[in-house]
Amino acid sequence: MGKKSFTNQEIAKLLKQMAAVFEVKNNNFFRARAYTNASIAIANLTTSVQILWQEGKLNEIPGVGKNLSQHLNELFSTGKVKHFNREFKKVPQGMFSLLKIRGIGPKTAYKLSVKFKLNDSATAIKKLKKLIKEKKLKGIKGFGEKLPEKIKSSLNLQAVSSKRMLISTALSIADDFLSYLNSQKSILKAEPLGSLRRHSSTIGDIDIAIRTKNPKEAMNKALKYEEIGKVISSGESVARVKFKTGHEVYFKLSSPQEWGSLLQHYTGSKQHNILLRTLAQSKGMSLSEHGIKNKRGKSKKFKNEKSFYAYLGLSFIPPELREGEDEIKSAQKNKIPKLVKLEEIKGDLHLHSDFKFPSSHDLGASSLFEIFNKARELNYEYLGFADHNPKQAGLTYKGRESILKRRRKYLVTQYQEYEKRVKTRVPKLLIGLEIDIRPNGDLALEDKLINALDYAIVSIHSSFNQDRNKTTKRILSALKHPKAVILGHPTGRMINKRSSIQANWGEIFTFCAKNNKIIEVNADPSRLDLPSDLIKQAIKSNAKFIINSDGHHSSQMKNIKFGVWTAKKGWSKSKDILNTQSLAELINVLNSKAVN
DNA sequence: GCCGTTTTCGGCCCGACTGTTTTCAGTCG
């Protein structure tokens, strides 16, 4: 019996392999493409497919229809799909390992694995390396001098990095390159494309658009950037390079006349573009990165994206929403919402202070003055400290009470001191706490001490692997406390490190909406939690959010932008976000006590 | 195998780049 738990990446891989088999064996190109489309959709999905299956929502995945739903059902129920396994047996197993090599697709992988009898996926790559070394690829039809070399260099480059990077990492790499490009005379403007422009939580490759009237010179300059370690490919208008750090960067040149189409095309997502082209097709038009061809084959170019979308009868779709879900249908009906903006954020309620005490988790590192200064820089109207609750072990109730009293005094005294010194535009101070939700749903602090706070953020910091029902009850139980108004980093995920807890989010969102509980969008780039797909779902339940930095250092307060981007990707409007509201409004919500 | 505001049948995104050819196939985004 196979295992019964599958990640999205594992499922995407299975579908990709099926597509490869169909492409080389069954001579069914469109069936192959259907599997490829589903594979891409699943690889980009932030919700676990297995959870969607549990909730009977498999058909909500674009590209997954009746048949694939049945196959996935079989996969989750029995640990395997008989149909898939039958198809896989039609090709040498080594073919699937070769597919991982950049530059080798289904046709080449099949050809090589048949020719050299690469029947074992575990040894196929090793054997291929040996064959290249012994120059045995030369005689094969379609293989000249360069292809073996290309495969060899792909294999050498491959080992470096496989995981997608955090958006914060990608942004800092891109920003350096962009400022280099933007300082070149021949370059009018350079800006990010792809998932970085769509503000995805993780980024694969860094894509850059370059606007120029002199493409030859611009390409020359771009390729001379000192961080470039290797040029993978380069033509007149596009190039792919590898930085010395191992990161792959792709850049694309265009004239000002075609700039709108270029931005649109390479911002993607791929799914979004496929849907756009299907729409264009139904209108007798044809899309490319150069423009739109009408029925009579006449081309129209676009200087900006707005006119491009308008030509297709669509209102402008912000990059954050271009994920190939329902954004095109919304744009057709002129129903794209006005998304929340960074400038609308009026405060941050999840900051950790440097007050020293035996805390259950890590303390903040910056002085309060540094934090107040930063808050003024960000034009905040209010500011809330939510240090972790004092330890349970080794402290008595009296001990905890005394700690929290001293903490309040420290915060208030420092604040008054700062007010005296600075006088103007000093944000209002709120004193909260981030309290652990214990495995049984209790809060890790006595009621009386909780009630003395302005507010409490309640968060899970332990026992992440409880089952779905237990976790759901645990969270709801914690939120029943009148002071527990904010659910901190709800899923507990750490991107690339720890997966989300399993819970019935629909039930939690409904509860929050009904009882004025606020869901945090934690802006720490390694969390981005609540993730955008769940934000989108929660908005449908009328739940409200607060975007917090969770800063343990004043320099992290500016991370709030990552939270805003995540909220945007979840289709949030400013009225969905509590900390776009005035202090009076905020306090009103923090003090509302009704729990049914 | 998926999908639907001309369709539940009959279509299925488009172009750049590379390497091998000499007009095209494969791969990628």
Side-chain angles (χ1 to χ4, degrees), chain A residues 15-16 18-24 26 28-41 43-44 58-59 61-72 83-84 87 98-112 137-138 140-151 153-154 193-195 204-207 215 219 231-240 248-254 258 261-262 264-293 299 313 324 328-329 332-333:
Chain A
L15 297 177
K16 192 180 163 189
M18 280 295 283
V21 175
F22 282 130
E23 199 161 334
V24 298
N26 297 20
N28 195 336
F29 176 74
F30 290 111
R31 203 164 166 201
R33 187 143 85 191
Y35 272 85
T36 304
N37 285 341
S39 171
I40 294 169
N44 291 322
L58 279 183
N59 56 359
I61 305 167
V64 174
K66 206 177 140 205
N67 284 297
L68 280 176
S69 287
Q70 267 177 23
H71 291 323
L72 292 179
H83 172 55
F84 289 5
E87 293 297 326
L98 303 193
L99 277 179
K100 291 180 215 155
I101 302 167
R102 180 193 283 283
I104 292 191
K107 300 269 170 70
T108 315
Y110 182 64
K111 196 196 273 182
L112 289 174
L137 265 51
K138 252 188 168 174
I140 306 173
K141 198 182 168 193
F143 276 80
E145 293 288 332
K146 290 192 175 174
L147 222 37
E149 282 308 308
K150 194 179 154 186
I151 295 172
S153 99
S154 275
L193 294 165
S195 51
D205 299 342
I206 296 169
D207 301 316
M219 180 62 88
V231 178
I232 297 171
S233 71
S234 71
E236 284 174 22
S237 63
V238 300
R240 174 172 285 281
E248 282 197 15
V249 179
Y250 187 63
F251 48 90
K252 178 80 180 86
L253 278 58
S254 112
E258 294 184 357
S261 284
L262 174 98
Q264 194 290 316
H265 179 85
Y266 285 97
T267 296
S269 65
K270 190 179 166 112
Q271 283 292 327
H272 176 82
N273 284 357
I274 289 174
L275 291 179
L276 270 187
R277 286 177 184 172
T278 309
L279 172 71
Q281 220 171 28
S282 74
K283 293 172 185 273
M285 300 187 279
S286 162
L287 295 192
S288 79
E289 66 257 51
H290 302 298
I292 301 179
K293 274 185 204 150
S299 293
I328 292 172
K329 282 179 189 159
Q332 280 178 311
K333 294 182 231 155

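Just so you know, these numbers use all the heavy atoms, side chains as well, and skip hydrogens, waters and symmetry mates. Labels below follow one simple rule: chain letters A, B, ... track the order of the sequence lines, proteins then strands, and each chain is numbered from 1.
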* List for me each residue that meets side-chain hydrogen bond (donor to acceptor under 3.5 Å, both in side chains) alongside A:Tyr266, sequence neighbours excluded, and say none if there are none. => A:Glu289
* Which residues satisfy the salt bridge (charged side-chain N to carboxylate O under 4.0 Å, His left out) test with A:Glu258, sequence neighbours excluded? -> A:Lys301
* Structure fact -> Sequence neighbours excluded, the answer for side chain to side chain contact (heavy atoms under 4.5 Å, CB included) partners of A:Lys293 is A:Ser286, A:Ser299
* Structure fact -> Quick tally for nucleotides 5-10 of chain B: nucleotides whose base has a protein heavy atom under 4.0 Å get B, sugar-phosphate-only ones S, the rest -, giving -B----
Quick test: give all pairs of protein nitrogen or oxygen and nucleotides 14-18 of chain B nitrogen or oxygen below 3.5 Å, distance rounded to 0.1 Å.
| from | atom 1 | to | atom 2 | distance (Å) |
| --- | --- | --- | --- | --- |
| B:dC14 | OP1 | A:Ser286 | OG | 3.4 |
| B:dC14 | O4' | A:Arg277 | NH1 | 3.1 |
| B:dA16 | OP1 | A:His290 | NE2 | 2.9 |
| B:dC17 | OP1 | A:Glu236 | N | 3.1 |
| B:dC17 | OP1 | A:Ser237 | N | 3.0 |
| B:dC17 | OP1 | A:Ser237 | OG | 3.4 |
| B:dC17 | OP1 | A:Val238 | N | 3.0 |
| B:dT18 | OP1 | A:Ser234 | N | 3.0 |
| B:dT18 | OP1 | A:Ser234 | O | 3.2 |

* Asked: If we take the C1' atom in both B:dT23 and B:dT18, what is their distance in whole Å?
  -> 15 Å
* Ignoring backbone atoms, test whether A:His71 places a side-chain nitrogen or oxygen under 4.0 Å from the OP1 or OP2 oxygen of B:dC2. => no
* Asked: Can you find a pair of side-chain heavy atoms, one from A:Leu15 and one from A:Phe84, that are under 4.5 Å apart?
  -> yes
* Mapping A:Asn59 and A:Ile274 to their closest nucleotides on DNA chain B, which lands nearer the 5' end? -> A:Asn59
* Does A:Ser69 use its side chain to pair, donor to acceptor, with the backbone of A:Gly65 at less than 3.5 Å? -> yes
* Structure fact -> For B:dT8, the nucleotide meeting Watson-Crick or G-U wobble distances (both under 3.5 Å) is none
* Asked: Which is true for A:Asn273 with a 4.0 Å heavy-atom rule: it touches a base, it touches only sugar-phosphate, or it touches nothing?
  -> nothing
* Structure fact -> A:Arg31 CZ to B:dC12 P, in whole Å, measures 19 Å
* To do: For B:dT7 versus B:dC2, give the span between their C1' atoms, rounded off to a whole number of Å.
  => 14 Å
* Check side-chain hydrogen bond (donor to acceptor under 3.5 Å, both in side chains) between A:Arg240 and all other residues, then give those that pass, not counting sequence neighbours. => A:Asp205, A:Glu248
* Separation of A:Ile61 atom CD1 from B:dG1 atom P, in whole Å? -> 17 Å
* **Contacts of type salt bridge (charged side-chain N to carboxylate O under 4.0 Å, His left out), residue A:Glu87, not counting sequence neighbours** => A:Lys90
* Check side-chain hydrogen bond (donor to acceptor under 3.5 Å, both in side chains) between A:Thr267 and all other residues, then give those that pass, not counting sequence neighbours. => A:Arg197
* Sticking with atom C1', work out how far B:dT6 lies from B:dG10, rounded to a whole angstrom. => 14 Å
* To do: Taking atom P in both B:dG1 and B:dT5, compute the distance separating them and give it to the nearest angstrom.
  => 23 Å
* Structure fact -> For A:Lys252, the side-chain hydrogen bond (donor to acceptor under 3.5 Å, both in side chains) test, sequence neighbours excluded, returns A:Ser237
* Nearest-angstrom distance, P atom, B:dT20 to B:dC28 -> 16 Å
* To do: Name the residue closer to the 5' end of DNA chain B, choosing between A:Thr108 and A:Ile140 according to the nucleotide with the nearest heavy atom.
  => A:Ile140
* To do: Take atom P in B:dA16 and the same atom in B:dG11, then report the distance between them in whole Å.
  => 27 Å
* Take the protein atom CZ of A:Phe30 and the nucleotide atom C1' of B:dG11, then report the distance between them rounded to whole Å. => 8 Å
* To the nearest Å, how far apart are A:Lys16 NZ and B:dG1 C1'? -> 19 Å
